Amino acid sequence: MARQAPQPALAVAAGSAPEEPPRAAAAGRGLTLALAVLRAGPVAILGLLVLLLGLVSDVFWSLENIGNVLNQSAVICVLALGQLLVVVTRGIDLSVGSNLSLSAVVGALVWQHQSSTVLAVAAALATGTAVGLVNGLLFVKGRLPHPFIPTLAMLTAASGLALYLSHSETIQGAPPLVDEVGAGRIAAVPGGGDIGWFPTATFVVVAVAALLVLATRGLVWGRWVYAVGGNPEAAVRNGIPVPSVLVSVYAVCGLLAGVAALLTMGRADAGSPTAGALAELDAIAAVIIGGASFLGGRGTVLNALTGAFVIAVMRNGLNLLGIDPNWQYMATGVVIVVAVELDVVRGHLESRFRSLQAVSAP
Amino acid sequence: MTATSSTSPTSPTPVLQVRDAAKRFGAVRALDGVSFDVGRGEVVALLGDNGAGKSTLIKAISGVHRLDAGSVVLDGVDITAAGAMAVRAHGVETVYQDLALFDNLDPAANFFAGRELAGPSRLPRALRLMRHRQMTDRTRELLDRLQVSLPDLDAPVALMSGGQRQAVAVARAVAFSSKLVILDEPTAALGLRESARVLDLVRRLKDDGVAVILISHSMDQVMAVADRAIVLRRGRSVGETAPTADNHERLVAWIVGAAGHQTI
């Protein structure tokens, strides 16, 4: 339906507009409005979800539940922010879940043997970054046809390594600071009594998001990431170091998997070799649901966070309502299709907008 | 061959001098000794049938192909052996038919892609902070100078019409004080109104003192903007004249090969 609907209208707009420029202008305003609505689509989905759940569940708006949602969404948010950069460059990183597991195991093992917070945190972050770096180098230097291949290989390899290093067992214990950040609540934020409701992990999400906003909008690097995603060949012609940009994007995505590993370690006070199993699917789904385009070049930090919250809120709501957890997966599937369909419709509306520009511009 | 420079009507000191350019692809002589000049503020049209050597010639000038023999000199500097990036750095910009725009970025970001204004300079280029205001201001100045009006400077170029996109691509080509702009079929995908606007833009480049090489299949457009037309056939320059209505038939004859080499 969505594929075909705009076509006849396009012909009509292009055919009738030259004689009636005012009508073309009006149609242009209508399209601008429609595009704005579509861009706001993911936020609208989130708002609708929050509104609905607030109506049907008494506890949804309780501070305790909001704290839970924030805490549970933290890992998805951080992973989604890394995945966003990769998706903007027309790529995909299937290995972030396994990377999370491996980084958590390495961090927990270093803590077990060295009892050094600094070393344990550094080990987890370095492992995550290294895995991402290998992904990027395999893709770029190995000239693999699509990032799907190296990151799929890494998905199984990192998972295997995590199980090997941990002898398939959860490594108990994590640095107290990591526990505090991953599982802690802040009593200073009013409303939660002595224990507090506002999760510390949310600050990590806010910090990561703020840094990424700065990097993507402020730094030349960020501009290059979007340029590579928008038109890789033109990026090469314009002298942008495309291979380095791609490698850096996978490395940052890996680093953020390391950050997510620390949050997971903190929540469980342990490093589990399966802690990140299937987390890559949440991350990819979040980016897509949030409105980033799989065709590359489009997608913001806000998009990724919105998508992550849609998933977290949906999961929370279905839990509160006591619905079979398997519905969660099906619901996520439906939302993914809806979100991508919105992207397709947006593409069609944009091409209509273009042809209107040709006849109505001064 | 030698007749070209002496008959060049507008330029005592040519910006571009191509001498005896030759290029083979296997057994095919794509270019077989082409020579011509382009002067400052001069619009030179390259005409010829498909396979006449127009594309090979502009790719040789822009550094994409390396000539087997002959030379390309830009403002006294020999750029025959320079690669594509080096040729651009010397001030030759080529706008190919695919435009090579970043659809997801706004015009300013397109203009400055790969050469963003940013600082501080002690940091590696990728880690510098962009100067958004400066880039937008320079973009606005340039568009004003070229009298290109865009509906929304903050909108991604994906939302612009074919003509507006062409204008952005051409403006980008002259954004960095280039000496020579090569336009490959700039109006091929455009309607009449938008074609007219692009031709106006070509005239303003000329007024700005930029040399232009224009490839076009439309004789009307060539007559409208070009000072000189050079006809290529089978890798050779077979004729050169001012593209006026009087010369129209002669140009067509050269293109289809019904007349020998002449310079008028």
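Not measured: the values here are computed from a predicted model. Chain letters run A, B, ... following the sequence lines, proteins first, then strands; residues in each count from 1.
Per-residue heavy-atom pair counts under 4.5 Å with chain A were compared for B:Pro124, B:Pro156, B:Ala109, B:Ala84, and the maximum is reached by B:Ala109.
When heavy atoms are compared at a cutoff of 4.5 Å, B:Leu159 approaches chain A by way of both its backbone and its side chain. Contact annotation for B:Ala158: both backbone and side-chain heavy atoms come within less than 4.5 Å of a heavy atom of chain A. Contacts of B:Asp98 with chain A are made by side-chain atoms alone, with heavy-atom separations under 4.5 Å and no backbone atom involved. Contacts between A:Ala235 and chain B at a heavy-atom distance below 4.5 Å involve backbone atoms as well as side-chain atoms. Only the backbone of B:Leu101 comes within contact range of chain A, judged by heavy atoms closer than 4.5 Å. Contact of B:Arg131 with chain A is not made at all, since no heavy-atom distance falls under 4.5 Å.
Nearest heavy atoms, A:Ala234 versus B:Ala100: CB-O, 3.4 Å. Shown here for A:Gly239 and B:Arg125, the closest heavy-atom pair between the two residues is O-NH2, 4.0 Å. When all heavy atoms are compared, the tightest approach of A:Trp224 to B:Ala126 is CZ3-CB, 3.8 Å.
A donor-acceptor pair is defined here as one N or O able to donate and one able to accept, closer than 3.5 Å; no such pair exists between the side chain of B:His132 and the backbone of A:Gly218. Between the side chain of B:Asn104 and the backbone N or O of A:Tyr226, at least one donor-acceptor pair lies under 3.5 Å.
One distance of note links CZ of A:Arg223 with CE of B:Met135; it measures 5.0 Å at 0.5 Å rounding. For the atom pair CG (A:Leu219) and CD (B:Glu116), the distance works out to 11.0 Å, reported to the nearest 0.5 Å. Rounded to the nearest 0.5 angstrom, A:Arg237 CZ and B:Met85 CE are separated by 11.5 Å. Interatomic distance, B:Phe112 CZ to A:Asn238 CG, rounded to the nearest 0.5 Å: 12.5 Å. One distance of note links CG of B:Leu129 with CG of A:Leu214; it measures 6.0 Å at 0.5 Å rounding.
Around CZ of B:Phe25, the count of heavy atoms belonging to other residues, nucleotides or ligands within 6.0 Å exceeds 12. Within a 6.0 Å radius of CZ in B:Arg203, more than 12 heavy atoms belonging to other residues, nucleotides or ligands are found.
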